[in-house]
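Letters A, B, ... mirror the listed sequences (proteins, then strands); counts begin at 1.
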There are 2 protein chains.
Amino acid sequence: MATIGDVARAAGVSLSTVSYVISGKRPISQPTRERVERAIRELAFHPHAGAQALASARSNVIALMVPFRPGINVAIIMEFVAGVVTAARAFDHDVLLLTQEDIQEIDRVAARSLADAVIVMDVESEDPRLPSLRALDRPAVLIGVPEDTSGLACVDLDFAAAGRLATRTLIDAGHRRVALIGASRERFERRANYAVRMRDGVVEQAARSGLEVHVLPCEPTYAGGVDAVDQLLAEDPGVTGLVVHNEAALAGVVDALDRAGRPVPAGMSVVAINAANIAEGLRHPVDSITVPGHDIGGIAVQMAMARLQQDSPGETRLVAPTLTPHGSVAPPR
Amino acid sequence: MATIGDVARAAGVSLSTVSYVISGKRPISQPTRERVERAIRELAFHPHAGAQALASARSNVIALMVPFRPGINVAIIMEFVAGVVTAARAFDHDVLLLTQEDIQEIDRVAARSLADAVIVMDVESEDPRLPSLRALDRPAVLIGVPEDTSGLACVDLDFAAAGRLATRTLIDAGHRRVALIGASRERFERRANYAVRMRDGVVEQAARSGLEVHVLPCEPTYAGGVDAVDQLLAEDPGVTGLVVHNEAALAGVVDALDRAGRPVPAGMSVVAINAANIAEGLRHPVDSITVPGHDIGGIAVQMAMARLQQDSPGETRLVAPTLTPHGSVAPPR
DNA sequence: TCCGTATATCGAAGCGCTTCGAAATCACCA
DNA sequence: TGGTGATTTCGAAGCGCTTCGATATACGGA
């Protein structure tokens, strides 16, 4: 494996000149630079990551903490991850994978100077990792918005806006009785921020039109969706517009509506919030606000990089939702 | 951030003694070791990863190349990843994430000494990465089995055995007409090894009982499953046992059988191969051979670690399948 | 008592890079 | 022609750790 010394010898310059050619931190004359670059190419030189990290106090690695606990929405997680990796590479950084099982991993990675910055996914309202993250001596970016964001950098979909958008779509189509099939009761009880913000958005938008919303928590399974529909139609058969914020239950919801003689969209208009590539796999495709996981992951990296340049104050960035129609919203009959 | 020098001073020993206490590569007397360990604890010392990598020529990092291309089975990917990370941490290694977009990433990571070993997921029969992997100057483990495994370390589910097991389950229940709804035509045409091996296992097991198998490729969507069932029932209504090796289509298959008056299991017995946590989300749960992604990921790490100790010859490890019944197999009516 | 052997610890070199200050070179003008 | 400042390159120190050979100490046997 060639070293920077080999390159220097081949190009007939000093070690430091090669280093400056690579980093661009000092001006190097055109001819010298060309000789060095040629030597680098010919020797297929790649700087030793450890040596670089040691000398420069920068690892060029971002740590990414991914939730692996069961029940998590895998598709969307993968999108985030892909977005983070892609963006990180664009900044010439690599991504180190951490699991959520052990909070201490954050500190270990920082203390060992393994990573320059940390991105944490799936942050909850009262996340146990918040103290560590606040105390961390390097940039941290949270995907998800905790209750108290002071001093933190956060990014997420604007779930309140998504709730409003979904609801407005139904109302604009003429629906006057609207329901929300949301996250599981457990999520609401733990005050999972996305679930709460979403619900508040739906309720608020409906209130603007003088409407009330029937809110049903729902287990994140096919059966959960079926149960929620059964319950809804029993308690409130006049509902004609439905917002579904529960990806795993969506198929069950659609099927149950079908079997109840309320097929989408003739018998029930539906708007869902979910990961991309879900809406198409259903018996009846559903208008969707997809979580732009790739974009959000990219923004998280940008925020981390910015904070690596200069430490910035806390900031929460909420990405605006967009709705993709699939013909599941029709006027009420 | 404390350095090993701080620890040495605090414990009143030399630098090298601290290093040997940490690595255990030379015997250190009990009292000395205790003093050093106390100093480490009190200073919260963590060795600098870059310095360690530089001095020891070992980064303690495994690179993991994950497929992010669309259409991939996300759930199972996540299981692999989780298995790899968990196992890696058990060996005191971290995991660096690479995407499949760029083959050169493997070489870059190796040349920079960023990773000690590489694990590559979703390897195809004629994978474009095979040359790089064969030429690599450090251990590589493939998840998936290419056509020519010479000199390579591979691990995967034993799909042929899975095919035999699924088929035997149906035959033992009394079924004499059996079909396979498999991967997409495109997968078969590209000779995706898992698709082919699975099919061969099914066909072989059936042949042992003197039976033939109706094999249908199937698009990996809900609609694909519906289409496959329609086609099957049209062409071969006498089929009573079905093996489904197409996770995304499974829901469509089950629903289509339902609507065709052939509900599972009364009208059709079904065994599926899929990721865990899929079978339960269906209208009718289905007997499943789940891909043990977590285990396979762990084995991949073990293989990499073993090859870090001493280079071993090529080896392919196939994990035996296990079937979890969910009541979707009944005697033919 | 002295030597050989085993055990425990030390010291220094070196891993491959970055970075700072200084040296060398050059152009230009007085 | 010498001096000045700007431009380009060099040299050496140092980042924090590992590891090899050497030293120091202890112990048992002759």
Side-chain angles (χ1 to χ4, degrees), chain A residues 1-37 39-40 43-61 92 94 108-116 308, chain B residues 1-37 39-40 43-61 92 108-116 137 308:
Chain A
M1 214 102 298
T3 72
I4 201 173
D6 300 331
V7 175
R9 202 171 324 111
V13 298
S14 77
L15 273 180
S16 47
T17 302
V18 176
S19 178
Y20 287 123
V21 166
I22 294 173
S23 70
K25 293 194 178 173
R26 278 196 188 177
I28 299 290
S29 70
Q30 181 75 2
T32 306
R33 175 183 305 116
E34 275 166 11
R35 263 186 308 145
V36 170
E37 282 168 350
I40 289 178
L43 295 172
F45 167 73
H46 291 264
H48 187 289
Q52 244 175 347
L54 179 55
S56 68
R58 269 276 202 290
S59 65
N60 273 37
V61 167
D92 196 31
D94 277 285
R108 180 182 63 87
V109 158
R112 297 202 61 196
S113 295
L114 254 173
D116 298 332
L308 234 32
Chain B
M1 213 103 300
T3 74
I4 202 173
D6 300 331
V7 175
R9 201 170 325 110
V13 299
S14 77
L15 273 180
S16 48
T17 301
V18 176
S19 178
Y20 286 124
V21 166
I22 294 173
S23 70
K25 293 194 178 174
R26 279 195 187 177
I28 299 291
S29 69
Q30 182 74 3
T32 306
R33 175 181 306 115
E34 276 166 10
R35 262 185 308 144
V36 171
E37 283 168 349
I40 289 179
L43 295 171
F45 168 72
H46 291 265
H48 185 289
Q52 246 175 348
L54 179 56
S56 69
R58 268 277 201 290
S59 65
N60 272 38
V61 167
D92 197 32
R108 180 182 63 88
V109 158
R112 299 201 61 196
S113 294
L114 254 173
D116 298 332
D137 64 340
L308 235 30

Do any side-chain atoms of residues 15-22 of chain B form donor-acceptor pairs under 3.5 angstrom with protein atoms, and if so which ones, sequence neighbours left out?
unit_1	atom_1	unit_2	atom_2	d
B:S16	OG	B:S14	OG	3.1
B:T17	OG1	B:S14	OG	3.1

For [X], which residues count as a side-chain hydrogen bond (donor to acceptor under 3.5 Å, both in side chains) partner, sequence neighbours excluded?
{"X": "A:N60", "result": "none"}
{"X": "A:E37", "result": "none"}
{"X": "A:R108", "result": "A:E105, B:D94"}

Can you check whether A:I28 reaches A:V36 side chain to side chain, under 4.5 Å on heavy atoms?
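Side chain of A:I28 against side chain of A:V36, heavy atoms only: no contact under 4.5 Å found.
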Heavy-atom nearest nucleotide on DNA chain D for B:K25 versus B:M1: which residue maps closer to 5'?
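First, find each residue's nearest nucleotide; the 5'-ward one identifies B:M1.
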Backbone of A:A11 reached by a side-chain donor or acceptor of A:R35 within 3.5 Å
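Checked: pair present.
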Compile the donor-acceptor pairs under 3.5 Å between side chains in residues 45-52 of chain B and protein atoms, sequence neighbours left out, one pair per line.
unit_1	atom_1	unit_2	atom_2	d
B:H48	ND1	B:G50	N	3.0
B:H48	ND1	B:A51	N	3.0
B:Q52	OE1	A:R112	NH2	2.2

Neighbours of DNA chain D within residues 15-24 of chain B, by heavy-atom distance under 4.0 Å
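Of all residues in residues 15-24 of chain B, the ones placing a heavy atom under 4.0 Å from DNA chain D are B:S16, B:S19, B:Y20.
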Give the residues of residues 43-54 of chain A touching DNA chain D, defined as any heavy atom closer than 4.0 Å, sorted by residue number.
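A:L54, in order of number.
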Work out how much the helix from C:dT1-D:dA30 to C:dA30-D:dT1 bends between its end axes, five pairs an end, to the nearest 10 degrees.
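If I round to tens, the end axes sit 60° apart.
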B:R26 CZ to D:dT23 P, straight-line distance once rounded to whole Å
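Atom-to-atom, B:R26 to D:dT23, this comes out as 14 Å.
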Take the protein atom CD1 of A:I4 and the nucleotide atom C1' of D:dG11, then report the distance between them rounded to whole Å.
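After rounding, the reported distance stands at 14 Å.
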Quick one: list whatever passes salt bridge (charged side-chain N to carboxylate O under 4.0 Å, His left out) with B:R9, sequence neighbours left out.
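By the salt bridge (charged side-chain N to carboxylate O under 4.0 Å, His left out) rule, B:R9 matches B:D6.
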Spacing of OG belonging to A:S59 relative to CG belonging to B:L114, to within rounding of 0.5 Å:
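Those atoms lie 9.0 Å apart.
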What residue pairs, at least two apart or across chains, pass salt bridge (Lys or Arg N to Asp or Glu O under 4.0 Å) with a residue in residues 15-27 of chain B?
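Every pair satisfying salt bridge (Lys or Arg N to Asp or Glu O under 4.0 Å) with a residue in residues 15-27 of chain B: there are none.
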Set of residues satisfying side-chain contact (heavy atoms from CB on, under 4.5 Å) with respect to B:A55, sequence neighbours excluded
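Once residues adjacent in sequence are excluded, B:A55 has no partner under the side-chain contact (heavy atoms from CB on, under 4.5 Å) criterion.
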Walk along DNA chain C from 5' to 3' and tell me the first and last nucleotide with an atom closer than 4.0 Å to a non-hydrogen atom of chain A.
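Listed 5' to 3', the contact boundaries are C:dG16 to C:dA22.
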